[in-house]
Amino acid sequence: MPSKRWSDLDRPPLNATALKKALVGGDGLWTDLEVVEAIGSTNTELADRARKGTAAAGTILVAEEQTAGRGRLDRAWSAPPRSGLFFSVLLKPGPTAHHWGWLPLLAGVAAAGALARAAGVDTGLKWPNDVLAVSEGEERKIGGILAERVGGEHLVLGIGVNVTLRAEELPVPTAGSLALAGAKGTDRDPLLRAVLRALEDWYGRWSAADGDPSGSALLEAYAAGCVTLGRTVRAELPGGDALVGEAVAVDGDGRLVIASEQGVQHPVAAGDIVHLRPAAGQ
């Protein structure tokens with residue numbers, strides 16, 4: 001009788017030893033990497049370790065399964081064991097808190113670009129940091145990012161990516177996976193390495209520019225990959241209000257600028273965005 005760990009041969013476990021050897025050490029950003037079989041939430045666990053002083057900046061915590069995974073707006077994130085990438089990293093950003101809001105968008109740029117290259121799929125970003133890929137002619141969410149501040153110095157970035165999720169396993173109709181998007185490969189080890197290396201690269205650029213999204217070219221890269229721009233959208237705002245208009249820009253603070261039918265531009269810092277119509281030419 002095969003063990004639970006090997007109950008699905010299409011979903012082999014991650015090679016923690018090889019990942020650590022490839023990513024940790026030298027003068028790089030990453031200082032430690034741990035893979036656990038199952039955990040409630042990698043973000044919660046890593047945040048707790050940071051508060052206790054038992055995790056250093058640059059720590060990567062990866063779970064083969066999350067039993068209490070969380071997404072933006074307190075939504076649950078669930079997926080079968082070893083069907084995706086579920087991990088969190090602990091960062092200690094140098095720039096002032098004013099620029100920290102760009103870090104989840106930075107993670108989106110890194111993840112979308114890395115997955116496009118490593119898996120051979122077209123990816124896009126839905127503001128603020130959902131990673132999309134096309135499956136059966138429809139844009140589907142394949143990844144999400146959750147950033148949580150810990151104390152005054154640390155930030156935990158959690159990233160979840162559906163890799164081999166099958167159609168019957170999708171939690172909601174708008175979800176997808178790299179496999180369903182026609183990925184050329186679904187080996188999670190190289191995919192995780194690609195995302196973490198891209199994250200290290202973009203974080204280095206951002207830090208070198210003192211958190212300036214323009215000076216680090218982050219704003220330009222985000223706008224280029226954001227499929228929300230140019231579309232008619234509905235922003236469901238905190239408090240229950242809604243705003244309908246065209247998403248025309250992302251400003252220097254990472255806010256989505258929506259132009260109403262009256263031509264008034266409204267910067268949106270937080271909310272749930274619904275794409276109502278494709279951008280012109282799509």
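The residues of the chain are indexed from 1 along the displayed sequence.
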By side chain to side chain contact (heavy atoms under 4.5 Å, CB included) - contacts of D189 (at least two apart): L14, N15, L19, D187, R193
Ring pair (Phe, Tyr, Trp, His ring centres under 6.0 Å) pairs touching residues 177-204, sequence neighbours excluded, are Y203-W206
Residue pairs meeting salt bridge (Lys or Arg N to Asp or Glu O under 4.0 Å), one or both in residues 89-114, sequence neighbours left out, come to K92-E153
Checking S83 side chain against P80 main chain: does a donor-acceptor pair fall under 3.5 Å? yes
Using the rule that Ile, Leu, Val, Met, Phe, Trp and Tyr join whenever any side-chain heavy atoms are under 4.5 Å apart, tell me whether L243 and L256 fall into a single cluster. yes
Salt bridge check, D32 against K20: does any charged N sit closer than 4.0 Å to a carboxylate O? yes
NZ/NE/NH1/NH2 to OD/OE distance under 4.0 Å, R205 and D201: yes
Determine whether K126 and R231 satisfy the following criterion, side chain to side chain contact (heavy atoms under 4.5 Å, CB included), listing intermediate values before the conclusion. CA-CA 11 Å; K126 178 186 174 187; R231 289 187 166 177; over 6 Å; no
Check this for me: does any side-chain nitrogen of one of E65 and R11 sit under 4.0 Å from a carboxylate oxygen of the other? no
With a 4.5 Å cut-off on side-chain heavy atoms, are L105 and L218 touching? no
Take L125 and V109 through the test side chain to side chain contact (heavy atoms under 4.5 Å, CB included) and record every step on the way to the result. CA-CA 8 Å; L125 292 167; V109 169; 4.0 Å; yes
Among T42, N43, D48, find the one that has a side-chain contact (heavy atoms from CB on, under 4.5 Å) with V156. N43
